[in-house]
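What follows is one structure encoded as structure tokens, with my remarks underneath.
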Number of protein chains: 2
Amino acid sequence: MTIAEANEFRALCDRAGIAVTHQRQVIYQVLSGMHGHPSPEEVYGRVKVRIPAISLATVYKNIHVFIESGIFCTVSLHHGSLRVETNHSPHHHLVCTGCRSITDIAAGDLGLPVKAHKLRGGFLAQRYAVDVLGLCPECQKSVS
Amino acid sequence: MTIAEANEFRALCDRAGIAVTHQRQVIYQVLSGMHGHPSPEEVYGRVKVRIPAISLATVYKNIHVFIESGIFCTVSLHHGSLRVETNHSPHHHLVCTGCRSITDIAAGDLGLPVKAHKLRGGFLAQRYAVDVLGLCPECQKSVS
DNA sequence: TTGACAAACGATAATAATTATCGTTTACTA
DNA sequence: TAGTAAACGATAATTATTATCGTTTGTCAA
């Protein structure tokens with residue numbers, strides 16, 4: 001890593017109010033160099049090459065730190081466990097990033113296609129699922 | 001349950017090619033009577049009132065059977081484990097219901113709001129995450 | 001610099017969610 | 001109504017994640 005990169009990471013940590021550690025920096029660099037949607041286990045595998053003694057728990061902890069600091073996002077903010085959709089009418093979800101609650105909203109006014117159709121690239125789109133991420137009224141109170 | 005309801009469920013199972021069992025019917029009825037996004041554990045709790053001897057595994061198995069048959073959906077079709085978003089540019093996801101792969105698409109042409117704003121109901125919308133559910137080119141081959 | 005203190009680390013136990021196994025029971029078809 | 005595959009219940013196993021705890025390491029003020 002260059003001096004510039006190191007300084008950039010230091011500034012990032014300052015802003016987030018977290019300490020600059022070797023492990024944290026390597027996890028950050030590995031994440032930045034990956035594309036797609038890696039799992040903690042995959043990140044661990046790559047970090048281990050550079051820091052063989054690192055613990056999986058450290059990788060998990062730092063990924064969460066990065067997410068809380070807004071440095072990275074998660075792909076899905078839904079509940080971690082299986083949930084069944086009991087609302088059969090077309091609708092989307094308000095997902096609260098504070099309390100992780102999920103509320104339904106009618107699909108009607110979003111104007112997305114309802115029929116299956118092919119996208120450029122050959123993907124057959126069957127259904128659009130929109131998550132509106134934000135804060136529910138309750139969580140807005142606790143933030144302010 | 002009424003005779004009509006029983007017949008309706010029987011027809012449903014016929015179409016799905018699955019056997020009609022007492023447990024399956026009660027799980028179906030309980031699911032149909034719940035709103036929101038219940039977890040298997042919650043479904044189990046309610047089913048147990050009517051069939052005290054039922055096993056949690058049976059609830060899991062039947063929820064999966066219902067999902068595979070298209071009788072119910074899952075709230076999220078993403079990987080069950082934590083995934084980190086490494087693509088920092090605004091984009092959405094093509095989620096394949098066959099192989100569960102997630103591919104990025106640029107957000108540009110979806111025309112959804114980018115700025116945070118309040119929705120009726122008081123929810124503060126900060127970001128839209130759109131999943132386009134469907135089949136990737138590979139999985140379209142295996143289906144046909 | 002250095003010394004105190006909080007933050008972070010590594011190892012690993014614990015927990016939660018889910019799936020697999022397997023012997024028994026039950027529904028479906030001939 | 002008998003044979004067979006599917007479904008069931010009990011429970012072990014697995015996977016993903018989090019908590020605990022003793023040790024080490026940054027950070028910040030003196």
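Everything numeric in this text was worked out from a predicted model, so none of it was measured. FYI, side chains are in, hydrogens and waters are out, and symmetry mates aren't considered; it's all heavy atoms of this structure. Proteins get letters first, then strands, A, B, ... in listed order; numbering begins at 1 in each.
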Original post:
How would you list, by chain and number, every residue that makes a side-chain contact (heavy atoms from CB on, under 4.5 Å) with A/D14, sequence neighbours excluded?
Top reply: none
Subject >> d(CG, A/L56; P, D/dT17) in whole Å >> reply: 9 Å
Subject >> Atom of A/L135, atom of A/Q140 and distance for their closest heavy-atom approach >> reply: O-NE2, 2.9 Å
Original post:
Can you give one letter per nucleotide of nucleotides 2-10 of chain C, 5' to 3': B if a protein heavy atom sits under 4.0 Å from the base, S if only from the sugar-phosphate, - if neither?
Top reply: ------SBB
Subject >> With A/L56 via side-chain contact (heavy atoms from CB on, under 4.5 Å) - residues at least two apart >> reply: A/E41, A/Y44, A/Y60
Original post:
Once you round it to whole Å, what is the distance between P of D/dT15 and OH of A/Y44?
Top reply: 16 Å
**OP:** Nearest whole angstrom, please: distance from the P of D/dA16 to the CD1 of A/I63.
**Re:** 13 Å
**OP:** Using whole Å, report how far OH of B/Y60 lies from P of D/dT14.
**Re:** 18 Å
Subject >> Separation of atom CG in A/L82 from atom C1' in C/dA16, rounded to whole Å >> reply: 14 Å
**OP:** Give the rounded distance in Å between these two atoms: CD of B/E68 and P of C/dT19.
**Re:** 10 Å
Subject >> Spacing of A/D14 atom CG relative to D/dC28 atom C1', expressed in whole Å >> reply: 13 Å
Original post:
Who pairs with B/T2 by side-chain contact (heavy atoms from CB on, under 4.5 Å), at least two apart in sequence or on another chain?
Top reply: B/A4, B/E5
Ignoring hydrogens and angles, write down the donor-acceptor pairs under 3.5 Å from the side chains of residues 22-33 of chain A, residues two or more places apart or on other chains.
unit_1 : atom_1 : unit_2 : atom_2 : d
A/R24  : NE     : A/N62  : OD1    : 2.6
A/R24  : NH1    : A/A19  : O      : 2.8
A/R24  : NH2    : A/N62  : OD1    : 3.1
A/Q29  : OE1    : A/R50  : NH2    : 2.7
A/S32  : OG     : A/Y28  : O      : 2.9

Subject >> B/E42 versus B/H37, closest heavy-atom pair with distance >> reply: OE1-O, 4.2 Å
Original post:
If an axis is fit to five pairs at each end of the helix from C/dT1-D/dA30 to C/dA30-D/dT1, what is the angle between the two, to the nearest 10°?
Top reply: 40°
**OP:** For B/R46, check side-chain hydrogen bond (donor to acceptor under 3.5 Å, both in side chains) against everything at least two apart and list the hits.
**Re:** none
Subject >> Along DNA chain C (nearest heavy atom to each residue), the more 5'-positioned of B/V20 and B/H64 >> reply: B/H64
Original post:
Given atom CD of B/E42 and atom C1' of C/dA17, what is their separation to the nearest angstrom?
Top reply: 14 Å
Subject >> Residues which pass side-chain contact (heavy atoms from CB on, under 4.5 Å) with A/R10, listed by chain and number, not counting sequence neighbours >> reply: A/V20
Original post:
Linking Ile, Leu, Val, Met, Phe, Trp and Tyr by side-chain heavy atoms under 4.5 Å, what else ends up with A/V65?
Top reply: A/I18
